[in-house]
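Notes for the one structure printed next.
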Amino acid sequence: MHDLYIYVDKNKVADCLKYGIKLSEFENRVLKLNNIDKRGIQAFLSPKDSNLYGDNNFDCIRVIPKNLNAIVFNKICENTNLIDKYTCDIEKYNLGDFEAPEAIICTSILPENLCQYNKILDKPLLVQNSREFYYEKCINEIIEADMFSKYELYQTLLILGDQKKLFDVSKEKNIKIYTDKISGKTYTKRSN
């Protein structure tokens, strides 16, 4: 089971930790599933997934979702016909399954399920950024499945690096030499 993270106005954090969080008071999210509105509290799988991470007006609270009704969904599928397919109960969610995972907690949260999140002293995060983890997981799955040869991946990365102006490119006969502008490392590619 994954911890969830919610953001609360700094002035309300002490009360939340002491008394819990009432759904009726803190409801801030509506998700339409199977043509039914699910109302709840917006939550994240990693503190950095929220744009409130650096906002000094809000504090992050870690939620232990034990005995809570929480749903994880792929935010990029929200407001599309795909949302029902990209939604699951938190117990069934595996890290990296969705590109932009977000959660909605559909019950009040008791104080024993809440802890103030401390960026420095809190338990280590399995995932720093859910979206980047998803991309890394998918890339590794594609590589392991041998969908593309290493040669194809190498060529594609050189082309992409050239388009992004990461390399200085020179040509010697029918060989292109790509020099990394930062490290100075060179890569070669046979050209036609």
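Linking Ile, Leu, Val, Met, Phe, Trp and Tyr whenever their side-chain heavy atoms come within less than 4.5 Å leaves Tyr154 and Leu157 in two separate clusters. The hydrophobic cluster containing Ile64 does not contain Leu110, counting ILVMFWY residues as joined when their side-chain heavy atoms lie under 4.5 angstrom apart, directly or transitively. Linking Ile, Leu, Val, Met, Phe, Trp and Tyr residues whenever their side-chain heavy atoms come within less than 4.5 Å places Leu153 and Met147 in a single cluster. With hydrophobic clusters built from ILVMFWY side chains whose heavy atoms lie under 4.5 angstrom apart, Tyr53 shares a cluster with Phe44. Under a hydrophobic-cluster definition in which Ile, Leu, Val, Met, Phe, Trp and Tyr are linked whenever side-chain heavy atoms come within less than 4.5 Å, directly or via other members, Leu33 and Phe73 are assigned to the same cluster.
Shown are Ile104, Asn69, Leu4, Ile71; of these, the side chain to side chain contact (heavy atoms under 4.5 Å, CB included) with Ile90 is made only by Leu4.
More than 12 heavy-atom neighbours from other residues, nucleotides or ligands sit within 6.0 angstrom of NZ on Lys189. Within 6.0 Å of atom CG in Leu160, more than 12 heavy atoms from other residues, nucleotides or ligands are found, so the atom counts as buried in its surroundings. Remark: Tyr19 OH is loosely packed, at most 12 non-hydrogen atoms of other residues, nucleotides or ligands lying under 6.0 Å away. Counting heavy-atom neighbours within 6.0 Å of Lys32 NZ, excluding the residue itself, gives a total above 12. Atom CD of Glu172 has 12 or fewer heavy atoms from other residues, nucleotides or ligands within 6.0 Å. The number of heavy atoms from other shown groups lying within 6.0 Å of CZ (Phe148) does not exceed 12. Atom NZ of Lys137 has more than 12 heavy atoms from other residues, nucleotides or ligands within 6.0 Å. By the neighbour-count criterion of 12 heavy atoms within 6.0 Å, atom NZ of Lys10 is densely surrounded, having more than that number from other residues, nucleotides or ligands.
Atom CD of Gln155 sits about 8.5 Å away from atom OG of Ser149, to the nearest 0.5 Å. Rounding to the nearest 0.5 Å places CG of Leu23 at 7.0 Å from OG1 of Thr107. To the nearest 0.5 Å, atoms CD (Glu91) and NE2 (His2) are separated by 9.5 Å. With values rounded to the nearest 0.5 angstrom, Glu99 atom CD is found 10.0 Å from Glu132 atom CD. To the nearest 0.5 Å, the span separating CD1 on Ile61 from CD1 on Ile41 amounts to 10.0 Å. Within the model, atoms CG of Asn140 and OH of Tyr135 stand 15.0 Å from one another, a figure rounded to the nearest 0.5 Å.
The shortest side-chain heavy-atom distance between Pro65 and Asn113 does not fall under the 4.5 Å cut-off. Considering only heavy atoms from C-beta on, Gln116 comes within 4.5 Å of Leu17 through its side chain. Residues Tyr5 and Leu45 have side chains not in contact (no heavy-atom distance under 4.5 Å, counting atoms from C-beta outward). In this structure the side chain of Asp168 reaches within 4.5 angstrom of the side chain of Lys181, judged on heavy atoms. Contact check for Asn57 versus Asp9: no side-chain heavy atoms found under the 4.5 Å cut-off. Under the 4.5 Å side-chain criterion, counting only non-hydrogen atoms from C-beta, Phe26 is in contact with Ile21. Side-chain contact between Ile105 and Val63: present, with at least one pair of heavy atoms (C-beta onward) separated by less than 4.5 Å. Between Leu31 and Glu102 the shortest side-chain heavy-atom distance does not fall below 4.5 Å.
The backbone N or O of Gln128 lies less than 3.5 Å from a partner atom in the side chain of Ser46, making a donor-acceptor pair. Judged by distance alone, the side chain of Asp15 and the main-chain N or O of Lys12 form no donor-acceptor pair under 3.5 Å.
Note on Asp180 versus Lys185: no salt bridge recorded, every NZ/NE/NH1/NH2 to OD/OE distance being 4.0 Å or above.
What you find for Asp162 and Phe167 is that their closest heavy atoms are N-CD1, 3.7 Å. Nearest approach of Gly96 to Tyr134, heavy atoms of both residues: O-CD1, 3.1 Å.
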(request) Report the C-alpha distance between Ile83 and Lys85 in whole Å, list the side-chain angles of each, state the deciding distance to 0.1 Å, and finish with yes or no for side chain to side chain contact (heavy atoms under 4.5 Å, CB included). (result) CA-CA 5 Å; Ile83 190 64; Lys85 184 177 178 183; over 6 Å; no
(message) Let's go through Cys60 and Ile6 carefully: what are the C-alpha distance in whole Å and the side-chain angles of both, what is the deciding distance for side chain to side chain contact (heavy atoms under 4.5 Å, CB included) to 0.1 Å, and is it a yes or a no?
(response) CA-CA 6 Å; Cys60 185; Ile6 60 174; over 6 Å; no
(request) Decide side chain to side chain contact (heavy atoms under 4.5 Å, CB included) for Tyr187 and Ile177; before the verdict, give the C-alpha distance in whole Å, the side-chain angles of both, and the deciding distance to 0.1 Å. (result) CA-CA 6 Å; Tyr187 306 93; Ile177 300 168; over 6 Å; no
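Listed by chain and number, the residues in a side chain to side chain donor-acceptor pair (under 3.5 Å) with Arg131 amount to none (sequence neighbours excluded).
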Without placing hydrogens or testing angles, list every side-chain donor-acceptor pair under 3.5 Å for residues 75-82, not counting sequence neighbours.
| unit_1 | atom_1 | unit_2 | atom_2 | d |
| --- | --- | --- | --- | --- |
| Lys75 | NZ | Glu78 | OE1 | 3.4 |
| Glu78 | OE1 | Arg29 | NH2 | 2.9 |
| Glu78 | OE2 | Arg29 | NH1 | 2.7 |
| Glu78 | OE2 | Arg29 | NH2 | 3.1 |
| Thr80 | OG1 | Cys77 | O | 2.5 |
| Thr80 | OG1 | Leu82 | N | 3.1 |

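Aromatic pair Phe98/Tyr93: centroids less than 6.0 angstrom apart. The ring of Phe58 has its center no closer than 6.0 angstrom to the ring center of Tyr7.
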